[in-house]
Participant: 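My questions all concern the structure below.
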Number of protein chains: 2
Amino acid sequence: MGSEAGKGGTVAKAADVGPLAANVRYLLRRAQLAVFDELIQALAPLGLRPAQYGVLILLKHAPGLKQTDVAGALGIQRANFVVLFDELERRGLARRDPMPNDRRSYALYLTAAGDEVRERAAKREAALEASLDAKLGPGGRQQLLDLLGRLVAS
Amino acid sequence: MGSEAGKGGTVAKAADVGPLAANVRYLLRRAQLAVFDELIQALAPLGLRPAQYGVLILLKHAPGLKQTDVAGALGIQRANFVVLFDELERRGLARRDPMPNDRRSYALYLTAAGDEVRERAAKREAALEASLDAKLGPGGRQQLLDLLGRLVAS
DNA sequence: TATTGTTATACTCTATAACTATA
DNA sequence: TATAGTTATAGAGTATAACAATA
């Protein structure tokens, strides 16, 4: 990519991030972006973005949650979750059912179609996980999960 | 936070993310957001956002880089970098100098004021790093840097 | 022709305030 | 009064295309 442009003395240290290379925060961001971009590309053919995929996974594991719970668990604002879920519902991948005890809220469920899409997405994700593990080496995944868990716990 | 709303059987599993809790990508995002939010709060009193702080760090370490290089090193689009740097220049924290060999590009430098602000930001960041290390435990930082580095490398 | 800086634009994600209907 | 869902809106961050000056 044209590192030696021109003819002067400027050597153009293109990708040298210097002190940032040893910065946890910086590497965390770079790693997150890299890994997320892979997932975005993998899910794109299914018309799913990572956040929507997260909803499908969560509803598979814990059906009947209400919007506030799902949004909270995924770190999404209630207000933004509405639109996100509207699209899943419009596409017939999930549905809002009335709650018997509280007419303010909905119980959220995957549809059969939604579970199919989730399953296909999971297969695509699994392929990426394998490549992740290859990069991380033996035991690397568990180590990373531990360390990240400590950061999230706060 | 009102987990026992209503009187029915719904126990409201508020923060149970189930399978996502063991997902590298999900934890990576959550950790990155948590850690970045700390930095955003710490830098806010200085009127700096993380990306701007990154520019100051980079220019301190490698003065005289041109816009394309700095943007590329930080993973920012050339077009977006222009506006970002405009603000640093407007505030007198950095400057564009003409390049002798190439009249298309600028050599970017920190000003004295910019270096002062960078220094103050670095001190605030250092405080956060200490708290990070406490969470990560002995050797945790280096382990994490290694693992993240492998994810970014590819 | 290719590259640098630049403008304009658009799209996603995120955050907040305010409304409604229920509780 | 408090909560669930909703709407509208605004702000970041990011991505792309196109242009002028220069190489």
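Each chain gets a letter, A, B and so on, in the order its sequence line appears, and its residues count up from 1.
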Participant: Taking the side chain of Arg29(A) as heavy atoms from C-beta outward, which of dT22(C), dT14(D), dG5(D) is closest to it?
Facilitator: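 For Arg29(A), the side-chain atoms sit closest to dT14(D).
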Participant: Measure from CG on Leu33(A) to C1' on dT14(D) and round the result to the nearest Å.
Facilitator: 10 Å
Participant: Could you tell me if Arg25(B) and Gln32(A) have a donor-acceptor pair between their side chains, going purely by distance under 3.5 Å?
Facilitator: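 No, no side-chain donor-acceptor contact under 3.5 Å.
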Participant: If you only use heavy atoms from C-beta on, which nucleotide in dA15(D), dT14(C), dT6(D) is closest to the side chain of Asn80(A)?
Facilitator: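 The listed nucleotide nearest to Asn80(A)'s side chain is dT14(C).
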Participant: For the pair Ser105(A) (side chain) and Lys66(A) (backbone), establish whether a donor and an acceptor sit closer than 3.5 Å, ignoring hydrogens and angles.
Facilitator: no
Participant: Check every atom of dG5(D), dT22(D), dA15(D) against the side chain of Gln77(B) and return the nucleotide holding the closest atom.
Facilitator: dA15(D)
Participant: Below 4.0 angstrom from OP1 or OP2 of dG13(D), is there any side-chain N or O of Arg49(B)?
Facilitator: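 Checking Arg49(B) against dG13(D): at least one side-chain N or O falls below 4.0 Å of OP1 or OP2.
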Participant: Just the rounded figure in Å: distance from P of dT22(C) to NZ of Lys66(A).
Facilitator: 16 Å
Participant: In whole angstrom, what separates Phe85(A)'s CZ from dG5(D)'s P?
Facilitator: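 Taking CZ of Phe85(A) and P of dG5(D), I get 10 Å after rounding.
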Participant: Under 3.5 Å, is there a donor on one side chain and an acceptor on the other for Asn23(A) and Glu129(B)?
Facilitator: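 The answer is no; no qualifying pair exists.
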Participant: Starting at the 5' end of DNA chain C and moving along, which residue's nearest nucleotide shows up first, Pro50(A) or Ala79(A)?
Facilitator: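 The 5'-side residue here is Pro50(A).
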Participant: Whole angstroms only, please: what is the CD-P distance between Gln32(B) and dC13(C)?
Facilitator: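 Going from Gln32(B) (CD) to dC13(C) (P), I get 15 Å.
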Participant: Counting only side-chain N and O atoms of Thr68(B), is one of them less than 4.0 Å from OP1 or OP2 of dG5(C)?
Facilitator: yes
Participant: From CG of Leu84(B) over to P of dT7(C), roughly how many Å is that when rounded to an integer?
Facilitator: 14 Å
Participant: Considering all heavy atoms of both residues, which atom of Gly92(A) and which atom of Ala113(A) are nearest to each other, and what is their separation?
Facilitator: O-CB, 3.7 Å
Participant: When you measure from the side chain of Ser105(A), which nucleotide among dT7(C), dT6(D), dA4(D) comes out closest?
Facilitator: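 For Ser105(A), the side-chain atoms sit closest to dA4(D).
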Participant: Please report the distance, rounded to the nearest Å, between CD1 in Ile76(B) and C1' in dT16(D).
Facilitator: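 It works out to 17 Å between those atoms.
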Participant: In whole Å, what is the span from the CZ atom of Arg96(B) to the P atom of dG5(C)?
Facilitator: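 For the pair Arg96(B) CZ and dG5(C) P, the rounded distance is 9 Å.
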Participant: Pick base, sugar-phosphate or nothing for Arg78(B), based on heavy-atom distances below 4.0 Å to the nucleic acid.
Facilitator: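 It contacts base atoms.
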Participant: Answer with base, sugar-phosphate or nothing: what part of the nucleic acid does Phe81(B) contact at a heavy-atom distance below 4.0 Å?
Facilitator: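 Nothing, no heavy atom under 4.0 Å.
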Participant: Has the side chain of Asp102(A) got a donor or acceptor atom sitting under 3.5 Å from an opposite partner on the base of dA4(D)?
Facilitator: no
Participant: Considering just the side-chain nitrogens and oxygens of Arg103(A), establish if one lies under 4.0 Å of OP1 or OP2 belonging to dT20(C).
Facilitator: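 No, because none of the side-chain N or O atoms of Arg103(A) sits under 4.0 Å from OP1 or OP2 of dT20(C).
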Participant: Using a distance-only criterion (donor-acceptor N/O pair, under 3.5 Å, no hydrogens), is the base of dT3(D) paired with the side chain of Arg104(A)?
Facilitator: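 Indeed there is one.
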Participant: Any idea which heavy atoms bring Ala94(B) and Leu59(B) closest together, and the distance?
Facilitator: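 Looks like CB-CD1, 4.4 Å.
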Participant: Using a heavy-atom cut-off of under 4.0 Å over every strand shown, decide if Gln67(A) touches base, sugar-phosphate, or nothing.
Facilitator: sugar-phosphate
Participant: Could you tell me how far apart Gln52(A) (CD) and dT12(C) (P) are, to the nearest whole angstrom?
Facilitator: 10 Å
Participant: Please check if the side chain of Gln52(A) supplies one atom and the backbone of Arg49(A) the other of a donor-acceptor pair under 3.5 Å.
Facilitator: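 Side chain of Gln52(A) to backbone of Arg49(A): a pair is present.
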